[in-house]
Amino acid sequence: MDYTQSQARAIATIDRNLQIIACAGSGKTQVISRRIVKILESKKDSGIKPANIVAFTFTEKAAGELKDRIQRLCFEHLGTDEGLAELYVGTIHAYCLNLLQQPPVYHYLKYSVLTEVQQRLLIDRNSKKSGLTETPLLDGRTLTRWVDSRVYQTLLSVLEEGGVKARTVPTAVREAAEKYRGLLDEKRYLDYSGMLSRAVAEVKSNRKLREKIKNSVRYLVVDEYQDVNPLQEALIREIADLGANLCVVGDDDQTIYQWRGSDVQNIITFADRYPRVKTERLNENFRSSKGIVFTARQVVEQNPDRLSKKMESTDAQPFERGDILALQFADIHKEARWIARKIEWLKGAKYRDQQDKPARGLTYSDMAILVRAWKDAAPIVEALRDAEVPYLGGGMKSLFDTAEVQAIREVFYFLASHTPSGCSATSAVSLRKSLGEGFPGLRKEDISAGLKFLQGIRKRIPLGNDNQLFLQRVYLDLLEALSVREERVGTKGRTGEVIFFNLGKFSQLISDFERIHFHSSPDSLYPNFAGFLEHQAADYYPEETEETAHARPDAVMVMTVHQAKGMQWPAVFVPCLRANRFPSRRQGGRTIWNIIPEKAVPNADRYKGTKEDERRLFYVALTRAEKYLFCSWAPIPDNQQQRRVSEFFTDLTQSEFVLGTDPSRLPPRLKPQARVADSPLPITFSELRYFFQCPYDFKLRFLYGFDSPVNRALGFGKSLHDALCEIHAESIRGNVPSIADVPNLVQNHLHLPFANEEVRKNSVRGAEKALRQYLKKHGEHLTRLEHAEKTIELKLAEGIVVSGRIDLIRRTDTNEIAIVDFKSGEDTQPQEMTRLQLQVYAAGYQKATGKDADLVEIHNLEVGHIHREQVKESVIQSTLSRVVDAGKQIRDLNLPKHAKWCDACHSCDMVGICRTKPVSV
DNA sequence: GGCTCACTCTTGGTG
DNA sequence: AGAGTGAGCC
């Protein structure tokens with residue numbers, strides 16, 4: 001591969017701090033990947049290993065791509081990728097969580113991550129303890145439960161991540177936020193801000209952790225640096241101050257997440273804030289035609305306060321007149337229909353991905369429609385559907401608009417005897433009707449069986465606690481009673497697959513609610529849940545953006561400009577360029593500025609969204625296009641705000657490359673053929689485990705989102721595991737724990753969020769016994785440990801990447817290497833599965849260290865039993881080919897049910913929505 | 001040119 | 001909720 005001079009200089013700069021200003025399409029991923037491999041190459045003799053390099057990306061997806069690129073280059077230049085699993089490539093959040101949940105920090109092992117939905121549920125459930133209703137507005141009123149919880153969430157994250165000076169915030173607001181943080185600690189939760197802020201606090205104050213980072217992190221690379229917020233910058237600063245060489249990569253013109261706290265000042269002032277900074281500008285665009293480059297540049301150059309630079313074209317695509325259009329239509333439907341027609345026109349158009357490569361015909365997946373707001377997608381999606389153009393995304397259907405979810409919602413109204421305002425009470429009769437509409441295909445008898453089941457449950461609710469009354473239990477049992485099966489329900493327009501997808505989403509919703517409200521008794525839990533369903537849920541779970549996580553069908557992408565960050569297509573549509581839409585108008589309502597003064601937040605403007613911010617966003621949209629760029633607009637006459645043209649549209653017409661009417665000359669045709677994009681498929685071992693037990697169970701859980709009912713003892717196995725992690729890690733550091741330490745270990749690690757007093761007591765006893773027994777039997781082994789919690793990553797054929805973590809690697813008395821996995825009574829996993837897992841780990845160990853393992857061991861902690869066997873190369877090979885086959889099946893969504901009732905069905909939580917129990921069992 | 005009043009209402013990653 | 005916008009009026 002040839003590099004430009006500035007690319008080559010950036011790659012070669014490894015002994016100074018480096019700032020790379022990378023224009024759109026300038027090949028920055030290639031450059032930072034190559035630079036990382038260069039570091040490994042040239043610093044090998046001074047002992048630099050992959051584990052000494054850390055790279056932060058903005059998303060997990062970007063991390064996957066970067067990792068893949070680094071690995072390819074590693075093979076190319078070093079001939080091996082040994083140890084590469086220890087080169088951290090990932091988000092700042094995941095890195096922080098790792099810091100908090102790995103030795104020498106043990107405190108956060110028992111914490112779990114709170115999503116935004118769960119955070120909001122927690123705040124509302126504990127409206128006083130979370131500080132919500134004690135937060136004063138600047139005008140003297142206070143925030144209200146339910147109504148203001150979202151603003152409160154925003155406030156909390158701005159206070160934590162926005163670089164806010166504490167003394168400029170009203171005292172009562174500060175105290176409220178502290179109460180919230182106290183609540184999180186009490187419940188052992190980390191929210192997304194907490195992950196970062198706790199990690200920064202630990203790095204600042206924990207001597208052992210500082211030592212660890214100082215010794216391990218020698219090079220830090222930060223991608224998308226323009227979107228880093230003040231708290232993230234604080235972490236970067238700490239790591240750099242501990243001696244890491246720093247390389248930041250970004251483009252100030254592509255800052256689009258300022259409303260979430262990104263501070264573009266970080267990149268603008270980087271060279272002034274860090275010592276010995278070399279700045280390299282990557283100006284050449286290797287993605288787009290000169291028409292696109294020139295047009296986009298002309299747009300963004302209207303912004304003041306940019307870093308000086310000039311994006312230049314390399315004529316990556318030929319420009320032909322008519323490639324770039326700016327069109328006006330009479331109404332939105334004409335606009336949408338034109339787009340659908342143009343897509344068919346583009347299909348099969350002759351195209352070269354690179355000018356020295358053979359041509360192919362464009363297909364649907366080469367095109368994207370980028371909108372400013374989801375609302376705009378609806379009429380376009382409608383036109384695509386009418387024209388039978390396959391599309392992905394833009395799924396505008398709200399979960400609660402579907403008949404199946406409405407029926408389930410009524411079920412819970414019925415159970416709680418809840419009458420939603422403006423409706424009549426839910427009766428058995430009306431329920432029968434809704435269930436019939438929600439689940440077409442069910443017989444009358446099925447629905448009667450379901451109703452009978454529900455009436456039984458309704459009678460038990462006032463009687464109090466009962467494991468059969470857990471919401472998720474009742475939900476799954478109801479579906480079983482109704483004999484709901486994917487292949488039994490649905491009509492032509494609404495397939496069983498779609499219905500199950502929505503039911504799976506609802507299962508997740510139940511999980512979210514139930515985990516936060518777990519300790520309510522049924523007679524308050526059910527009414528609360530009904531109230532939540534009536535008032536909040538639709539708002540908390542807005543619309544379904546179909547995530548077909550594993551599949552890659554040939555379809556046009558419909559998405560927002562924000563989501564399109566980092567992607568590119570041969571053809572891009574940017575419709576709906578109306579005034580007040582793009583640039584978008586600021587929203588009113590109660591905001592954080594009613595709670596804290598603007599001067600409390602540095603660069604407070606960034607949260608508000610300015611015209612410059614919108615222009616950057618527009619620039620991002622334009623630069624996604626390689627060759628074809630079709631911008632358009634149409635007035636919406638009955639919307640006073642949106643009947644005029646966007647000024648951005650007018651700006652476009654200034655470019656000489658833009659035509660105002662569609663010449664519609666037909667380009668030469670070729671057979672449509674998808675671009676060979678071999679994106680890696682990452683799978684974790686725990687996902688794989690579900691797949692091997694039953695592919696359909698995997699589908700229900702990971703494709704549809706069904707969740708198991710909670711178990712009171714949940715967390716016991718994890719707690720034991722955490723305690724062992726400390727025992728092993730400390731042993732490696734030379735502090736082998738003794739039996740006298742057991743009560744403390746249990747005290748520190750045992751966390752059972754759903755236990756009652758009885759379960760808790762038994763668990764303490766069980767955990768102490770297991771640990772004592774372990775230390776007694778294996779205490780002398782603890783001086784011969786190699787690694788605890790070693791991450792492995794196996795790149796297999798077909799781009800399948802399996803990752804997992806080895807509990808323990810130890811050296812035996814006979815000086816063999818043993819890979820150890822610990823099980824507790826909670827694990828119902830068959831031994832066969834564990835052996836499979838260990839063979840994968842043995843292969844991973846070999847990959848990571850270049851050394852072979854001799855033995856694999858399974859320790860059952862509660863029983864004290866050990867299963868040991870020798871590692872055999874032939875067995876590993878056949879295991880790995882089974883894993884590759886599994887990966888292929890997952891990629892093709894080939895996830896069938898077992899042919900008949902079998903061992904896996906016995907222990908399966910989902911069997912009730914899969915098949916009927918045979919009478920003989 | 002300035003004032004009033006009716007109308008409208010975004011973006012989403014992170015384990 | 002309440003801020004920003006734009007039509008209509010003087």
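These numbers come from the heavy atoms of this one structure, side chains and all, not from hydrogens, waters or symmetry mates. Sequence lines set the chain letters: A, B, ... in the order given, protein chains first and strands last, and positions in each chain run from 1.
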A:P379 backbone acceptor or donor facing A:H333 side chain under 3.5 Å: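 Absent.
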A:Q101 (side chain) donor-acceptor with A:Y111 (main chain) under 3.5 angstrom: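 Flag set: sc A:Q101 to bb A:Y111 pair under 3.5 Å.
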Phosphate-side-chain proximity, A:N639 and B:dC9, N/O vs OP1/OP2 below 4.0 Å: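 True: A:N639 side-chain N/O within range (under 4.0 Å) of B:dC9 OP1/OP2.
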B:dG15 phosphate, OP1 or OP2, under 4.0 Å from A:T91 side-chain N/O: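 Yes, because at least one side-chain N or O of A:T91 sits under 4.0 Å from OP1 or OP2 of B:dG15.
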Any-strand Watson-Crick or G-U partner of C:dT5, both distances under 3.5 Å: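 Pair assignment: C:dT5 / B:dA6.
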Closest to the [X] side chain, choosing from [options]:
X: A:L97; options: C:dG6, B:dG15, B:dC9; result: B:dG15
X: A:Y192; options: B:dT11, B:dT8, B:dT14; result: B:dT14
X: A:M195; options: C:dA7, C:dT5, B:dG15; result: B:dG15
X: A:A373; options: B:dT11, B:dG12, B:dT14; result: B:dT11

For [X], report the nucleic acid contact type (base, sugar-phosphate, nothing); a contact means any heavy atom under 4.0 Å.
X: A:D638; result: sugar-phosphate
X: A:R260; result: base
X: A:E60; result: sugar-phosphate
X: A:T591; result: nothing
X: A:R644; result: sugar-phosphate
X: A:T59; result: sugar-phosphate

Ring-on-base stacking B:dT10 with A:W374 (under 5.5 Å, under 30°):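 Check failed, A:W374 does not stack on base of B:dT10.
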Write down the distance between [atom1] ([X]) and [atom2] ([N]), rounded to a whole number of angstrom.
X: A:D227; N: B:dG12; atom1: CG; atom2: C1'; result: 12 Å
X: A:R578; N: C:dT5; atom1: CZ; atom2: P; result: 16 Å
X: A:W593; N: C:dG4; atom1: CH2; atom2: C1'; result: 18 Å
X: A:F58; N: B:dT11; atom1: CZ; atom2: P; result: 16 Å
X: A:Q641; N: C:dG4; atom1: CD; atom2: C1'; result: 8 Å
X: A:L196; N: B:dG15; atom1: CG; atom2: P; result: 10 Å
X: A:H93; N: B:dG12; atom1: NE2; atom2: P; result: 17 Å
X: A:E116; N: B:dG13; atom1: CD; atom2: C1'; result: 9 Å

Between C:dG4 and B:dT10 - C1' atom distance, rounded Å: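 My reading of the C1' atoms in B:dT10 and C:dG4 gives 14 Å.
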Heavy atoms of other groups near A:K608 NZ, more than 12 under 6.0 Å: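 Enclosed: over 12 neighbouring heavy atoms sit under 6.0 Å from NZ of A:K608.
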For A:I792 against A:G844, the heavy-atom pair lying closest together: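 Of all heavy-atom pairs spanning A:I792 and A:G844, the closest is CG2-C, 3.8 Å.
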Along DNA chain C (nearest heavy atom to each residue), the more 5'-positioned of A:N580 and A:V147: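 Its nearest nucleotide lies further toward 5', so the answer is A:V147.
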Result of checking A:R198, A:Q153, A:E160, A:E161 against A:S193 for side-chain hydrogen bond (donor to acceptor under 3.5 Å, both in side chains):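 Exactly one pass, corresponding to A:E161.
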Heavy-atom donor-acceptor pair, A:R585 side-chain to B:dT8 base, under 3.5 Å: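 Yes, a donor-acceptor pair under 3.5 Å.
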Separation of A:R515 CZ from A:F513 CZ (nearest 0.5 Å):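 Here the interatomic distance stands at 14.0 Å.
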